[in-house]
Amino acid sequence: MDVSDILAAHDAKQKAVTVEKDVPLEIDAGFLTVTDLNPVDREGYEADREEYLMSTARDGAQALVAALFALPTTSSPDGPLAQLPTPTTQLPRAKPLPKPKPPTKWEQFAKAKGIQHKRRDKKVWDEEKQEWVNRWGWKGANKDKEVQWLTEVPANADVDYDPAKAARDDRKARVAKNEKQHQQNLARAAQVNGAGSSSGAPADRKKHIDRTLAVTRTSTASMGKYDRTLEGEKKLKGVKRKFDPTEISAANEKSRDLAIISKLDKEPSTKKAKKSSDSSGDVLNVRRAIRSASKGKGSAALAREAGGGKGKKGKR
Amino acid sequence: MLRTVKPKTARSKRALQAREPKEVEDPRTAIFVKGTHAGEKVNAVMKELMALKRPNAISFSKKNAVRPFEDASSLEFWSQKNDASMFVVGQSTKKRPHGMTFVRMYDYRVLDMCEVGVDDWKSMAAFKTPKATPGHKPLLHFASELFDSHPRFVQLKSMLMDFFNGEVIDGIHLAGIEHVISISLGPTPPTLNATSTLQASTSAEDPTSLPKVHIRSYTIRLLKSGTRIPRVELTPMGPSLDLTLRRHTDADPEMWKQAMRRPKLRKQEVEQGLGKKRKNKEVDEMGDLRGRIHVGKQDLGRLQTRKMKGLKKGRDSMFVDDDDDEGLGESGGDSDDDGQRWKRVRAE
């Protein structure tokens, strides 16, 4: 039997679908891309450019199609899908890689203790109603105690003890606690990502609060000397009052005194003028002094107090 | 920098989530911007490119005073605003007529740029041939040895691949292969021959020595060949562009390094859709893909008709008001409020 004819026919068929090049074509099936690294043929290019470009493109496309048709396929409703391999060409990303979500405090704890994550269904079986009810939310099972018609009351309960209200308060407290923990987790996550500035680590935060407190305590006119102290409040350390030097040059002293005297013979200024004198600053701010001396009650109260005996002041 | 918004609705939350970085990225969205003067040629070419890039293309119809090589702040702003990571800026000046700049972004910052001049072009409409369906993925064909050796062309190849095809997909419908975009170069000038590639990067400052870039697109006909693999025949589809390379900026090495980072994908993830989150789909023990869809139970008895207070039911019996005790104190004489009475009857 002579099979040479059949073989020749087969070869001819194969010839039509195979591409022979000096440098084999580089095929990246993942990106549907073929690269023909053969140098461009100057003669063919100059003779008929469009024809030349189309013939090289056809060779490339033929090689790529052959590679694609050789890929394993899966069936789909629309027809066979060729499964593409991962691309070999590396293209730059458009956005950075997603950051892993920082673990919550519970997740950290569970990991340390080796606690497995157990998924709780949202529905629970209600024996009485004989149906599935929500664990929480609308008609949730966690509200059973609040709506049941009969509730056991502890023996030592108050007269006005309302079991429904107590159950509701408990539930609300649990929700609030959860929300608080959620916020703390968010703050912790923000800090890990370096975004949080005001709410830093607990030590930082404490330092920050102490500092603010110290500033407020010394920001009264008397540097906090006459402030009422709270119980257990410690005396602030390191607070130094700054006094003007006892000896200053005669010229300086003279100019300072003259500034005070020039204020004295002025008529009471308007509110606007007062403001501007505030900003000039170096002389006594009467308004503020009255306010601080009267502890914010005003000059009338100060006068009354001075006239009406030593009542409060004596206590100090 | 845009202000960061905290989403108020579920819809806006989803929209913001869609913008967040993903392990396997979506294709790059390209914005087509006209400079202060683009000119007829560049406008038309950008339109053609946009037709190929659709649906991941946004067109800016107004002119903008933007010079990508001098100040990229506008590009960065637009990139963030539109969540787009690629730009094509058309600009025609006396010094550089008919210029188009391809800009690639990383993390809303400019990664690299490449300017080309349009020498010659032919529109898609000029070819009276069938066109490819929009949205179908093209095959890409690059022809020249310079795409492997010359830095300018390596960048151009990477840029064009990102522009036309930069999406990782896990499967393709073979019958859906409709067109091929071929990017070929003119003959390599002797100065750029393979032996002198080392000098190439230094002498590349003179762009006139670089060969021309020919972009052609063809539709594919798959003919029967008697074997499993079909024979490919091409028909010109258009557009066809002849471009010359002009200015470029390379990526900052540090930024490039960051942009080239790859996610660590587990094998199982690769099999199940390459890091993309697939909800409600799972493969069972038999290897069948099973999906769950949500079809709400439809009960016509509970069909919402006219809303009236008196028709309310169900929900009221659940909640007992805090001031319910005073309602109980009254001896049930208020017939004006049906809802209240109903609740009380159930509560007692």
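Each chain gets a letter, A, B and so on, in the order the sequences are listed, and its residues count up from 1.
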Under 4.5 Å to a heavy atom of chain B? For Leu25(A) that would be neither
Note: vs chain A, highest number of non-hydrogen pairs under 4.5 angstrom among Ser79(B), Ser240(B), Gly186(B) is Gly186(B)
Highest number of heavy-atom pairs under 4.5 Å with chain A: which of Asp112(B), Ile183(B), Leu139(B)?
Leu139(B)
Among Leu64(A), Ile27(A), Thr73(A), Val23(A), which residue forms the greatest number of heavy-atom pairs with chain B at distances under 4.5 Å?
Leu64(A)
Leading residue by heavy atom contact count with chain B [cutoff under 4.5 Å; candidates Leu91(A), Leu81(A), Thr74(A)]
Leu91(A)
Indicate yes or no for a side-chain donor-acceptor contact from Thr33(A) to the backbone of Phe31(A) under 3.5 Å, with no hydrogens or angles considered.
yes
Applying a strict 4.5 Å limit to non-hydrogen atoms, the region of Tyr106(B) in contact with chain A is both
Could you tell me whether the side chain of Arg221(B) reaches within less than 4.5 Å of the side chain of Val232(B), counting heavy atoms only?
no
Below 4.5 Å from any heavy atom of chain A, which atoms of Arg216(B) appear? Answer side chain, backbone, both or neither.
side chain
Under 4.5 Å, counting heavy-atom pairs only, tell me which of Leu234(B), Val180(B), Leu111(B), Leu140(B) racks up the most with chain A.
Leu140(B)
Heavy atoms only, distances under 4.5 angstrom: which of Ala57(A), Ala94(A), Ala164(A) has the most pairs with chain B? Name it, please.
Ala94(A)
Assess the pair His214(B) and Tyr45(A): is the distance between their ring centroids shorter than 6.0 Å?
yes
What are the two closest non-hydrogen atoms of Arg171(A) and Lys143(A), and how far apart are they?
NE-CG, 3.6 Å
Pairs of heavy atoms under 4.5 Å with chain A: top-ranked of Gly176(B), Ser182(B), Ala175(B), Ala143(B):
Ala143(B)
So for Pro230(B), is it side chain, backbone, both, or neither that comes closer than 4.5 Å to the heavy atoms of chain A?
both
Counting heavy-atom pairs under 4.5 Å with chain A, the top scorer among Met159(B), Met105(B), Gln258(B) is Met105(B)
N-O pairing of Asp121(A) and Arg135(A) below 4.0 Å:
no
List the steps, then state whether ring-ring contact (aromatic ring centres under 6.0 Å, His included) holds for Phe102(B) with Phe87(B).
CA-CA 6 Å; Phe102(B) 288 86; Phe87(B) 283 91; over 10 Å; no
Any donor-acceptor N or O pair under 3.5 Å, side chains Tyr108(B), Asp83(B):
yes
Chain B contact via Pro87(A) - which portion, at a heavy-atom distance below 4.5 Å
side chain
Would Arg58(A) and Gln62(A) count as having a side-chain donor-acceptor pair, cut-off 3.5 Å?
yes
Most heavy-atom pairs under 4.5 Å with chain A, out of Glu20(B), Arg228(B), Arg109(B), Lys137(B), belong to Arg228(B)
Examine whether an atom of Thr56(A) lies under 4.5 Å from a heavy atom of chain B, and if so say whether it belongs to the side chain, the backbone or both; otherwise answer neither.
both
Check the side chains of Gln80(B) and Glu76(B) for a donor-acceptor pair under 3.5 angstrom, ignoring hydrogens and angles.
no
Donor-acceptor pair between Glu178(B) and Thr219(B) side chains, under 3.5 angstrom:
no
